[in-house]
Amino acid sequence: MTKIKVFDARQEEMLAFEEWAEANGVTLSFEEGVLNQASVHLAQGFDGISTKQIAKPEPEVYAILKEYGIRQIAQRTAGFDMFDGPLATENGIIITNTPEYSPASIAEFTVGNCLNVLRRLKNVEEKIEQQDFAHFPDIRGTTIRGKTVAVVGVGSIGSHTARLFHAFGAKVLGYDVTPRDDYRSFVDYQDCLEDALKNADIVTVHTPLDATTHHMFDYETFKQMKPGAVFLNNARGGVMNAKDLFKVLDEDHLFGAAIDVYEFEEPYVFSKHTHEVIEDKDFLRLIQDPKIIYTPHTAYYTDEAIHNMVTIAMDAALEVIQTGDAKHRTN
Ligand code: NAD
């Protein structure tokens, strides 16, 4: 019987794992910890592995997996920037991800948090806390209807987000290195990022994190945005320079932001840090800034997403084990 070692296994995934294992006749073995140099020995004797981590495995891990005869790593998220693709390829290891496990989860969250910024939810909550129910302009909001939204990266999640903003009555501009004709009915593609930014009241980024998008949103890019615009990042922390975001907010160039991902979130996000001092001053600012609605990488987090991530990742693991290739390979 095929045996797969599952790293970073969460309690909430167990029902989906059990159903999948039974349906496919595969034995699964679970570890709470992530895949790294200290834990890789646990994969020995297994046919394949899956993980769900944001931490990068050390470079040595790939060669050790090869030595164990393991030919794949099935990551149970869409993002796969934690892996070294070329090094994995060098060692004959296929990295698979779970694209499109629930684009609706991230798209709905993006639009919801956009509304929270536009309707000044942080101010409203603060007033309620003080039992101040008076109506003053500091809690008066604006609508999405009638606004122009720029979607940067019109892929699986970006296109879903674009459809939702379009349905709200916004004009949707798009910027993507590969525009798609089937999205043109609801996205007006712009030739360059600057054209999309300068005309938009709301900018939402949905590109992957790679060399072309790292710090794509820096001081210069933020300044290209319309004064008073809203910035939404539900993609990856590294696509923006957080210090530059703070700078443009301090200059009152932007109205506000909703940020779900932070470049250096790894020591904090997905674990509890109550009563601890947060050493990273930029992270602290992200959490506390009254103009920012910060959420700890929450956009994907729904019942539907958890179920689909497990099923898609495990199907991909089995596909590589059985055929030597996979439709969701990333390298
Ligand atoms: P996707 O590959 O379907 O779409 C990405 C799009 O970005 C593609 O259309 C691509 O052509 C475009 N693109 C790539 N480089 C570009 C560039 N330099 N300039 C402009 N466009 C560019 O990916 P997806 O599944 O829609 O995921 C989008 C992002 O969302 C990823 O960064 C992913 O890691 C992130 N994500 C976040 C969460 C969360 O919980 N916050 C959950 C899932 C995915």
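Each ligand, and each atom within it, is numbered from 1 in the order the structure gives.
- Judged by distance alone, the side chain of T89 and the main-chain N or O of N331 form no donor-acceptor pair under 3.5 Å.
- Less than 6.0 angstrom separates the ring centroid of F231 from the ring centroid of F217.
- Note that atom 18 (N) of ligand 1 has protein non-hydrogen atoms nearby, at separations under 4.0 angstrom.
- Using a 4.0 Å cut-off between heavy atoms, M216 contacts ligand 1 through its side chain alone, with no backbone atom that close.
- Residue contacts with ligand 1 for D260 involve side-chain atoms from C-beta outward but no N, CA, C or O (heavy atoms, distance under 4.0 Å).
- Put simply, atom 7 (O) of ligand 1 has protein non-hydrogen atoms near it, under 4.0 Å away.
- Remark: ligand 1 and E100 share no N or O pair separated by less than 3.5 Å (distance only, no angle test).
- The only option from I287, L245, D289, L232 that meets the side-chain contact (heavy atoms from CB on, under 4.5 Å) definition with I259 turns out to be L245.
- Among V151, T207, D176, the residue whose heavy atom lies nearest to atom 12 (C) of ligand 1 is D176.
- Looking only at heavy atoms of the protein, atom 38 (C) of ligand 1 is closest to N234 O, 3.8 Å.
- The shortest N or O to N or O distance between Y101 and ligand 1 is not under 3.5 Å.
- Regarding atom 40 (O) of ligand 1, its nearest protein heavy-atom neighbour is Y300 N, 3.1 Å.
- Contacts with ligand 1 closer than 4.0 Å are made by backbone heavy atoms (N, CA, C, O) of V154 only, the side chain lying farther away.
- Close contacts of ligand 1 with T178, meaning ligand atoms under 4.0 Å from a residue heavy atom, involve 11 (O).
- Regarding atom 4 (O) of ligand 1, its nearest protein heavy-atom neighbour is G155 CA, 3.2 Å.
- Considering backbone and side-chain N/O atoms, T298 never comes within less than 3.5 Å of an N/O atom of ligand 1.
- A distance-only check finds no donor-acceptor pair linking the side chain of K66 to the backbone of Y62 [under 3.5 Å].
- Judged by distance alone, the side chain of T96 and the main-chain N or O of R329 form no donor-acceptor pair under 3.5 Å.
- Counting heavy atoms closer than 4.0 Å to ligand 1, residue I106 contributes side-chain atoms (C-beta onward) but none from N, CA, C or O.
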